[in-house]
Amino acid sequence: METATPDYDLVTICPDSMQYMNSTVLVVVYVIVFCLSLTGNTVVIFVVRCMENSRTSTDVYLMHLAIADLFFALTLPFWAAYHHASHWMFGTFMCKLISGLEEATFYCCVFLLACISVDRYLAIVKATQFLTQKRHLVGIVCAVVWLCAFLLSLPVMVNREAFMSGYTEEYVCHDNLTAETMDSWRMGLRILHHTLGFFLPLAIMMFCYGFTMCTLCRTRNSQKQKAMRVILCVVLAFIICWLPNNILEFIDTLMRGGQVMETCELRDSIDLASHVTQAMAFAHCAINPILYAFIGKKFRNQLLMSLFKKGLLGRDTMSKYRVGSVYSSGSTRQMSVTL
């Protein structure tokens, strides 16, 4: 994905209406999201790691999702400093590293959400725990996800550089391409981003969760129905956070491709809206742990149990705040304890 950097091939055509925009609010949002994500995702990783042999396949996916969100959040301080200073001061190596890390972790998060939907579909609709029983296969799937995410981030890492803008006379972190290849390169990356980074995973999630919900509606297993609420909220949060940004980028893609007439007013509106939608998209890395904590009873119980086992929580405190049991019996035993 692209960061909210100025469009240097258009600034000589349209006046720079964004130059007086106050970036303080955006910087504050990035810092808040970074702090929440750092804390929340660290807790999720801690809880799943403490589960040892009781982890399900979904728990493993959620732990990798938390790791990806954590790495994604580590890029936010750099973008906050970039917005605040209005120039890139970290050099070409960090420009490539931060841009590539952001791109890779974005794809990783999306692919893992799709994997979770397939995992729940197999466990509930097909009534099979094949991946849960073959834990090494879950590890292989996660490894493939990380590998694919890394490969998809390579084009950004290769072409992103820190260079002096001829217009602003400040260093920027941007794709350093010639004017002849800039548009075709950006169009190709945008199409890849829209397809693999949103619409295809979203279609997989909608298919899997559609059948899963239909199956749950025909059963009387309230424990499974409650467990599905967290996963559905996770997917809904993904759609709410990333859909506006994808719609905006899709309009921008059509405009660059000549399907939508480009005007200075439309360009200014897109530039302004991109700051809002990208802030929403970046906030996604901090939302999932909040959903686990406020909706997932099992996650709260497992957190208390993990703190108790580490000697960080007393038995009386754990008994006071613990609700029900972390582990269930019967058919619900295979449900993700992170839920």
Side-chain angles (χ1 to χ4, degrees), residues 1-5 23-49 59-85 88-90 93-113 115-116 142 145-146 149-150 152-153 156-157 160 173 193 197-198 201 230 233-246 274-294 296 299 303 338:
M1 63 173 298
E2 293 185 9
T3 56
T5 53
S23 61
T24 303
V25 175
L26 198 63
V27 171
V28 170
V29 170
Y30 281 12
V31 172
I32 292 175
V33 170
F34 167 75
C35 294
L36 290 176
S37 180
L38 187 65
T39 303
N41 287 297
T42 301
V43 170
V44 173
I45 297 169
F46 166 75
V47 169
V48 178
R49 291 290 297 174
D59 293 322
V60 176
Y61 290 134
L62 290 173
M63 182 178 69
H64 281 267
L65 179 62
I67 294 173
D69 282 336
L70 188 60
F71 279 122
F72 186 95
L74 293 178
T75 68
L76 295 183
F78 294 91
W79 300 130
Y82 190 15
H83 281 290
H84 179 69
W88 184 261
M89 70 289 288
F90 304 108
F93 175 78
M94 290 302 296
C95 175
K96 289 179 177 291
L97 179 63
I98 297 302
S99 300
L101 182 62
E102 180 191 272
E103 190 79 2
T105 51
F106 162 74
Y107 278 113
C108 193
C109 290
V110 176
F111 293 161
L112 286 170
L113 286 173
C115 288
I116 292 173
C142 292
V145 166
W146 281 100
F150 172 74
L152 288 170
S153 70
V156 173
M157 294 182 66
R160 196 66 64 89
C173 178
H193 178 83
F198 188 77
V230 179
C233 287
V234 169
V235 176
L236 186 60
F238 165 74
I239 295 174
I240 293 175
C241 289
W242 282 105
L243 182 59
N245 185 257
N246 275 270
S274 68
H275 288 79
V276 179
T277 59
Q278 285 180 353
M280 290 175 58
F282 287 2
H284 179 255
C285 66
I287 289 179
N288 288 343
I290 297 175
L291 294 177
Y292 304 151
F294 284 94
F299 175 78
L303 175 59
T338 316

Give the minimum heavy-atom separation between [X] and [Y], together with the two atoms involved.
| X | Y | result |
| --- | --- | --- |
| Cys109 | Ala68 | SG-CB, 3.6 Å |
| Ser153 | Gly100 | CB-O, 3.5 Å |
| Met89 | Ala81 | CE-O, 3.9 Å |
| Gly197 | Phe106 | O-CZ, 3.3 Å |
| His83 | Val27 | CB-CG2, 4.2 Å |
| Glu102 | Thr75 | N-CG2, 4.0 Å |

As an exercise, state the distance from [atom1] of [X] to [atom2] of [Y], rounded to the nearest 0.5 Å.
| X | Y | atom1 | atom2 | result |
| --- | --- | --- | --- | --- |
| Asp59 | Leu65 | CG | CG | 12.0 Å |
| Ser274 | Asn245 | OG | CG | 8.0 Å |
| Lys96 | Arg160 | NZ | CZ | 9.5 Å |
| Leu26 | Phe282 | CG | CZ | 8.5 Å |
| Asn41 | Ile287 | CG | CD1 | 11.0 Å |
| Cys241 | Asn246 | SG | CG | 11.5 Å |

**Request:** Please step through side chain to side chain contact (heavy atoms under 4.5 Å, CB included) for the pair Leu76 and Val33, ending with a clear verdict.
**Result:** CA-CA 8 Å; Leu76 295 183; Val33 170; 3.6 Å; yes
**Asked** Please walk me through it: do Phe78 and Leu101 pass side chain to side chain contact (heavy atoms under 4.5 Å, CB included)?
**Response** CA-CA 12 Å; Phe78 294 91; Leu101 182 62; over 6 Å; no
Heavy-atom distance under 4.5 Å between the side chains of [X] and [Y], does that happen here?
| X | Y | answer |
| --- | --- | --- |
| Phe111 | Leu152 | yes |
| Asn288 | Val44 | no |
| Val60 | His64 | yes |

**Item:** Side chain Thr277, main chain Pro244, donor-acceptor under 3.5 Å
**Value:**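 Looks like no, no N/O pair under 3.5 Å.
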**Prompt:** Is there a donor-acceptor contact under 3.5 Å from the side chain of Thr39 to the main chain of Leu36?
**Reply:**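 A pair under 3.5 Å: no.
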**Asked** Are a donor atom and an acceptor atom from the side chains of Gln278 and Trp79 found within less than 3.5 Å of each other?
**Response**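 Absent: no donor and acceptor within the cut-off.
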**Message:** Between Phe34 and Leu74, does the side chain to side chain contact (heavy atoms under 4.5 Å, CB included) criterion hold? Intermediate values first, please.
**Reply:** CA-CA 7 Å; Phe34 167 75; Leu74 293 178; 4.0 Å; yes
**Request:** Begin with the C-alpha distance, continue with both residues' side-chain angles, and end with the deciding distance and a verdict on disulfide (SG to SG under 2.5 Å) for Cys173 and Cys95.
**Result:** CA-CA 6 Å; Cys173 178; Cys95 175; 2.0 Å; yes
**Prompt:** Is the SG-SG separation for the cysteine pair Cys115 and Cys142 below 2.5 Å?
**Reply:**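 Between Cys142 and Cys115 there is no disulfide, given that their SG atoms are not under 2.5 Å apart.
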**Request:** Evaluate the ring planes of His284 and Phe238, with Trp represented by its six-membered ring, and classify them as parallel (under 30°), tilted (30 to 60°) or perpendicular (over 60°).
**Result:** perpendicular
**Request:** For the pair Phe90 and Ile98, evaluate side chain to side chain contact (heavy atoms under 4.5 Å, CB included) and give the outcome as yes or no after the intermediate values.
**Result:** CA-CA 10 Å; Phe90 304 108; Ile98 297 302; over 6 Å; no
